[in-house]
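Here the structure is laid out as structure tokens; the discussion comes afterwards.
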Amino acid sequence: MIAAPDRMPLAREFFDRPVLEVAPELLGRTLVRTSPEGTIEVRITEVEAYAGEADPGSHAYRGRTERNASMFGPPGHAYVYFIYGMWFSLNLVCGPEGTASGVLLRGGEVIEGVDLARARRPKARRDRELAQGPARLATALDVTRALNGVDLCAGPNGPLSVLAGHPVPPDQVRSGPRTGVGGDGAHHPWRFWADGDPTVSQYRPHVPRNRGKARQQDGA
DNA sequence: CAGTCGATTCACT
DNA sequence: GTGAATCGACTGA
């Protein structure tokens with residue numbers, strides 16, 4: 001039996017291109033997570049591009065480290081990182097091996113496995129919140145460090161894959177500044193989302209917690 | 001080796 | 001709208 005076109009996994013060549021081409025084309029694609037507990041499918045609605053070592057907003061900005069190593073690996077693999085002491089986020093690695101671009105998945109609509117997603121995200125009040133936000137999406141899909149580096153092009157054999165789905169038409173793609181990114185990388189409109197979709201997270205500007213070294217409170 | 005803060009979420013006011 | 005939670009990678013000494 002031949003899989004329907006929208007059920008075909010995206011080929012490695014899809015990811016082996018400049019990240020700013022790939023990122024908007026990921027909107028509307030189907031992310032499939034299979035685990036012993038069951039299968040969850042998410043329609044991707046919001047992403048951000050991180051453009052390698054030249055991008056001040058990227059984890060790769062200061063070169064290769066143990067944490068970001070998978071971003072320097074071959075395209076079409078996952079880069080999963082741990083953040084704020086409690087959450088994970090999922091990136092899809094783009095561009096040729098040796099470079100370090102990736103697309104952060106920031107939001108999606110759960111279209112299969114809603115019950116399982118709800119079990120993993122008991123605090124979600126509405127279905128639209130199940131995968132609305134990068135850490136929420138990772139939680140709903142049970143994406144953890146264990147999936148760092150996995151191949152996304154393996155189809156149903158692998159724990160995580162991206163199917164062709166139904167791409168959002170270019171005239172329905174919106175873009176703007178990346179969420180939570182400060183400094184020199186702040187102004188690039190490298191966040192992409194599907195216009196009007198309720199599962200797109202709300203924009204929050206970057207807020208630095210402190211400046212420089214610890215200092216006593218400025219007298220006032 | 002200690003200090004700092006992050007590609008966030010949630011509870012509470 | 002504001003702040004807490006919570007850990008570990010990265011930085012600079």
Side-chain angles (χ1 to χ4, degrees), chain A residues 19-20 22-24 26-27 31 42 44-72 77-95 99-108 110 117-149 175-193 198-217:
Chain A
V19 67
L20 291 178
V22 176
L26 281 168
L27 298 174
L31 180 69
V42 165
I44 298 169
T45 59
E46 182 190 0
V47 301
E48 278 175 5
Y50 287 84
E53 293 179 271
D55 178 359
S58 172
H59 289 167
Y61 184 52
R62 289 177 175 82
R64 178 176 185 140
T65 66
E66 189 170 345
R67 175 175 67 152
N68 66 26
S70 55
M71 263 208 297
F72 286 81
H77 289 244
Y79 165 50
V80 180
Y81 66 89
F82 185 57
I83 190 69
Y84 293 117
M86 54 195 115
W87 311 110
F88 292 95
S89 286
L90 170 63
N91 289 249
L92 313 183
V93 177
C94 294
T99 65
S101 294
V103 178
L104 170 69
L105 301 189
R106 291 197 53 90
V110 177
R118 288 206 71 91
R120 288 170 175 162
R121 295 220 59 244
K123 292 175 180 170
R125 299 160 147 242
R126 309 157 155 263
D127 283 357
R128 63 156 64 91
E129 296 172 357
L130 289 171
Q132 181 183 47
R136 291 169 166 182
L137 185 149
T139 301
L141 297 184
D142 189 31
V143 170
T144 67
R145 218 187 297 283
L147 291 187
N148 188 30
S175 65
R178 294 177 293 186
T179 301
V181 173
D184 296 334
H187 68 280
H188 298 113
W190 290 349
R191 173 176 175 250
F192 303 93
W193 66 92
T199 63
V200 173
S201 67
Q202 196 188 353
Y203 176 73
R204 257 193 319 280
H206 177 68
V207 181
R209 203 159 50 170
N210 258 343
R211 284 169 277 169
K213 287 256 180 199
R215 53 180 70 175
Q216 49 188 356
Q217 305 216 325

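Remember, predicted model here, so these are calculated numbers, not experimental data. Proteins come first, then strands; the chains are lettered A, B, ... in the order of their sequence lines, and each starts at number 1.
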* Under 5.5 Å between ring centres and under 30° between planes: true for A/Y84 and the base of B/dT8? -> yes

* What integer distance in Å separates A/M86:CE from C/dA9:P? -> 16 Å

* Option among A/L147, A/L105, A/V103 that satisfies the side chain to side chain contact (heavy atoms under 4.5 Å, CB included) test with A/L90 -> A/L105

* For the pair A/R120 (side chain) and A/A138 (backbone), establish whether a donor and an acceptor sit closer than 3.5 Å, ignoring hydrogens and angles. => no

* Find the distance A/N91:CG to B/dG6:P and express it as a whole number of Å. => 17 Å

* Asked: What is the minimum heavy-atom distance between A/P134 and A/S89, and which atoms define it?
  -> CB-OG, 3.7 Å

* Asked: Roughly how many Å is it from CZ in A/F82 to P in C/dC10, rounded to a whole number?
  -> 14 Å

* To do: Identify, residue by residue, the members of residues 59-72 of chain A with a heavy atom below 4.0 Å from DNA chain C, and return them in order of residue number, or none.
  => A/R62, A/T65, A/R67

* Asked: Where does DNA chain C pair, written as one dot-bracket string 5' to 3', with Watson-Crick or G-U pairs under 3.5 Å, ( ) inside the strand, [ ] for crossing pairs and | for another strand?
  -> |||||.||||||.

* Taking atom types as they are modelled, is there a donor-acceptor pair under 3.5 Å from the base of B/dA7 to the side chain of A/Y81? -> yes

* Asked: Would you say B/dT9 has OP1 or OP2 under 4.0 Å from some side-chain N or O of A/R204?
  -> yes

* With a 4.5 Å limit on heavy-atom distance, are the side chains of A/Y50 and A/V181 in contact? -> yes

* To do: Round to a whole Å and report the spacing from CZ of A/R178 to C1' of B/dG6.
  => 14 Å

* Asked: Are the side chain of A/T45 and the backbone N or O of A/G107 linked by a donor-acceptor pair below 3.5 Å?
  -> yes

* Asked: At their closest point, which heavy atom of A/S201 faces which heavy atom of A/R106, and how far apart are they?
  -> OG-NH2, 3.4 Å

* Asked: Starting at the 5' end of DNA chain B and moving along, which residue's nearest nucleotide shows up first, A/I83 or A/R136?
  -> A/I83

* Structure fact -> Whole-Å distance, A/F88 CZ to C/dG8 C1', equals 11 Å

* Nearest-angstrom distance, P atom, B/dC5 to C/dG3 -> 16 Å

* To do: Could you name each residue pair satisfying salt bridge (Lys or Arg N to Asp or Glu O under 4.0 Å) that touches residues 51-68 of chain A, not counting sequence neighbours?
  => A/D55-A/R178

* Any donor-acceptor pair under 3.5 Å from A/E46 side chain to A/R191 backbone -> no

* Decide, applying a 5.5 Å centre-distance limit and a 30° plane-angle limit (both strict), whether A/Y50 stacks on B/dA7. => yes

* Asked: What's the verdict on side chain to side chain contact (heavy atoms under 4.5 Å, CB included) for A/V47 and A/L92, showing C-alpha distance, side-chain angles and the deciding distance?
  -> CA-CA 10 Å; A/V47 301; A/L92 313 183; over 6 Å; no

* Minimum-distance nucleotide (side-chain atoms of A/H206 versus B/dG6, B/dA7, C/dG8) -> B/dG6

* Contacts of type side chain to side chain donor-acceptor pair (under 3.5 Å), residue A/R121, not counting sequence neighbours -> none

* Asked: Do the side chain of A/E48 and the main chain of A/T179 share a donor and acceptor less than 3.5 angstrom apart?
  -> yes

* Asked: Going by number, which of residues 119-127 of chain A have a non-hydrogen atom under 4.0 Å from DNA chain B?
  -> A/R121, A/K123

Listed pairs under 3.5 Å, donor-acceptor, residues 77-86 of chain A side chains, sequence neighbours left out:
residue, atom, partner, partner atom, Å
A/H77, ND1, A/G149, O, 3.0
A/H77, NE2, A/R12, NH1, 3.4
A/Y79, OH, A/H59, ND1, 2.8

